[in-house]
Amino acid sequence: MTDTLRYDGRVAIVTGAGGGLGRAHALMLASRGARVLVNDLGSSAAGAGTDTGPAAKVVEEIRAAGGEAVANTDSVIDGSKLVEAALDHFGQIDIIVNNAGFLRDVGFHKMTEQDWSDLYDVHLLGAFRIVHAAWPRLRDQSYGRIINTSSAAGIYGNFGQVNYGTFKLALHGFSQALAVEGRARNIHVNSIAPAADSRLTRTVMTPEQLAPMRAELVSPLVGWLTHETCAETGSLFEVGGGWVSKLRWQRTRGERIGDGKDFAPEQVRDAWPAIVDFEGAEAPADFAAGMAPFQKIMEGA
Ligand code: NAD
């Protein structure tokens, strides 16, 4: 390590920072000079109730270590209140870490519309409302660093997590599209899919399994991605236990079937081995690259 990455003069909002991953992110950013709005509603792992204690405690920890922070106990669903609070206390916003969330795991056949909409509200609507309220300022100051917290449950799909997985992957869609709009204004937006010891994972894994997965082993990636010298944007990373990896979309070379006027399901069946063969696959890096095969067809190639 040559130099120290610092956030002096920067203001960060970290949501759900009263415990688990959010707490670790807030402590890390504050220890390196950021002023932090420590947001946490203080609800249970299933999203019930409120408690002002967790956010206040993390603020105490940050101050005891010589850092600057203020507690906020609004729900992320009232996103603009968090943005107003950061502006009231610190006068600016540079970094947003959308991390708050909870689980309502249940088989899809038993899932209620409430299980669906509560998860939508906290994960996707909350992130949207915070970023939407802050966006004009980020654009005006031509600076912003945003992290959206996704999940392996969204990337790969997991039993009992149709609600959670849907909105977690949608958060990466949010990152990708925001990254396109933010690029020219130096607003970088990335997603992380963490794996860490927290009250959410303690219900499904043993203390022994989780011992090497401290939340603090996720925060350094948040630190790098939210630093002013980091150019990465629109990307998705898996991170946990000190392991960090980047994901991307991959596409098979594909097959042109038929004469361009018509083709039948039988031809799709017959071309199937080629359609699904990842030998020689490509990884389109942006929308234009993604659209390239259709562009070629439209140009008559
Ligand atoms: P956690 O329960 O310790 O932390 C989540 C925090 O969010 C809690 O302190 C909770 O009070 C807060 N919160 C809940 N609803 C809120 C609301 N409406 N407004 C403000 N705060 C609210 O769990 P964690 O594991 O640290 O989870 C952090 C994020 O990481 C979540 O989005 C979670 O889905 C995601 N995640 C965690 C893991 C993991 O392995 N721990 C894996 C994938 C994704």
Side-chain angles (χ1 to χ4, degrees), residues 12-18 20-22 25 37 39-48 50 72-84 86 93 95-106 108 111-136 138 144-158 160-182 187-195 198 200 218 222 225-226 233-239 247 249:
I13 295 176
V14 183
T15 72
L21 288 161
H25 304 334
L37 187 88
N39 160 266
D40 205 298
L41 182 64
S43 61
S44 77
T50 58
N72 171 273
T73 54
D74 289 313
S75 169
V76 291
I77 300 165
D78 298 318
S80 60
K81 288 194 185 170
L82 277 71
V83 171
E84 280 161 28
I93 296 169
I95 296 167
I96 299 170
V97 183
N98 285 313
N99 165 83
F102 55 81
L103 299 172
R104 195 78 57 73
D105 292 1
V106 57
F108 189 58
M111 187 175 289
T112 64
E113 195 155 327
Q114 196 71 49
D115 294 330
W116 175 264
S117 60
D118 285 354
L119 274 263
Y120 165 76
D121 286 351
V122 71
H123 292 283
L124 198 53
L125 182 64
F128 160 77
R129 285 199 172 143
I130 293 166
V131 174
H132 196 242
W135 195 252
L138 303 183
R145 295 288 183 268
I146 299 170
I147 300 292
N148 292 312
T149 307
S150 184
S151 169
I155 300 169
Y156 305 110
N158 195 26
Q161 297 194 313
V162 171
N163 50 0
Y164 180 74
T166 298
F167 306 123
K168 282 308 201 187
L169 191 56
L171 277 164
H172 182 52
F174 185 49
S175 291
Q176 288 187 123
L178 279 176
V180 172
E181 296 204 15
I187 305 170
H188 297 171
V189 191
N190 290 287
S191 310
I192 62 163
S198 83
L200 298 187
V218 170
V222 171
L225 291 173
T226 57
T233 190
S235 304
L236 170 62
F237 299 87
E238 286 182 281
V239 51
L247 282 89
W249 293 106

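Side-chain atoms of Arg104 come within 3.5 Å of backbone N or O of Ala46 as a donor-acceptor pair. Checking side-chain atoms of Ser80 against main-chain N and O of Ala133 turns up no donor-acceptor pair under 3.5 Å. In this structure, the side chain of His172 does not engage the main chain of Ile192 through any donor-acceptor pair within 3.5 Å. Remark: side-chain polar atoms of Asn190 are not paired, donor with acceptor, to backbone N or O of Ile147 under 3.5 angstrom. Formation of a donor-acceptor pair under 3.5 Å by the Ser150 side chain with backbone atoms of Lys168 is found in this model. The backbone N or O of Val189 lies less than 3.5 Å from no partner atom in the side chain of Ser175, so there is not a single donor-acceptor pair. Counting only distance, with no hydrogens or angles, the side chain of Asn39 and the backbone of Gly16 share a donor-acceptor pair below 3.5 Å. With hydrogens and angles disregarded, a donor-acceptor distance shorter than 3.5 Å links the side chain of Thr149 to the backbone of Asn98.
In terms of heavy-atom proximity, Gly79 sits nearest to Ile130 at CA-CG1, 3.5 Å. Annotation for Arg129 and Val76: closest pair CB-O, 4.5 Å, computed over non-hydrogen atoms. The two residues Ala127 and Asn148 have their closest heavy-atom pair at CB-OD1, 4.2 Å. Closest approach of Ile93 to Ala86, counting heavy atoms only: CG1-CB, 3.8 Å.
For the atom pair CG (Asn72) and CG (Leu41), the distance works out to 9.5 Å, reported to the nearest 0.5 Å. Atom OH of Tyr120 sits about 14.0 Å away from atom CG of Asn163, to the nearest 0.5 Å. Atoms CG and CG, from Leu124 and Leu169 in turn, are 10.5 Å apart once rounded to the nearest 0.5 Å. With rounding to the nearest 0.5 Å, the separation of CG in Leu171 from CZ in Phe128 is 12.5 Å. Going from atom CD1 of Ile95 over to atom CG of Leu138 covers 10.5 Å, rounded to the nearest 0.5 Å. Between atom OG1 of residue Thr50 and atom CG of residue Asp40 there is a gap of 10.5 Å, rounded to the nearest 0.5 Å.
In this structure, His188 and Leu225 have side chains that are not in contact, with every pair of non-hydrogen atoms separated by 4.5 Å or more. Looking at Trp116 and Val162, their side chains come closer than 4.5 Å, going by heavy atoms from C-beta outward. Between Trp135 and Ile146 the shortest side-chain heavy-atom distance falls below 4.5 Å. Counting heavy atoms from C-beta on, the side chains of Val222 and Leu21 never come closer than 4.5 Å. Looking only at side-chain heavy atoms (C-beta outward), Leu37 and Leu82 come within less than 4.5 Å of each other. Contact annotation: the side chain of Phe167 never approaches that of Phe174 to less than 4.5 Å [non-hydrogen atoms, C-beta and beyond]. Contact annotation: the side chain of Asn158 never approaches that of Tyr164 to less than 4.5 Å [non-hydrogen atoms, C-beta and beyond].
In this structure, a donor-acceptor pair under 3.5 Å is present between the side chains of Asp115 and Thr112.
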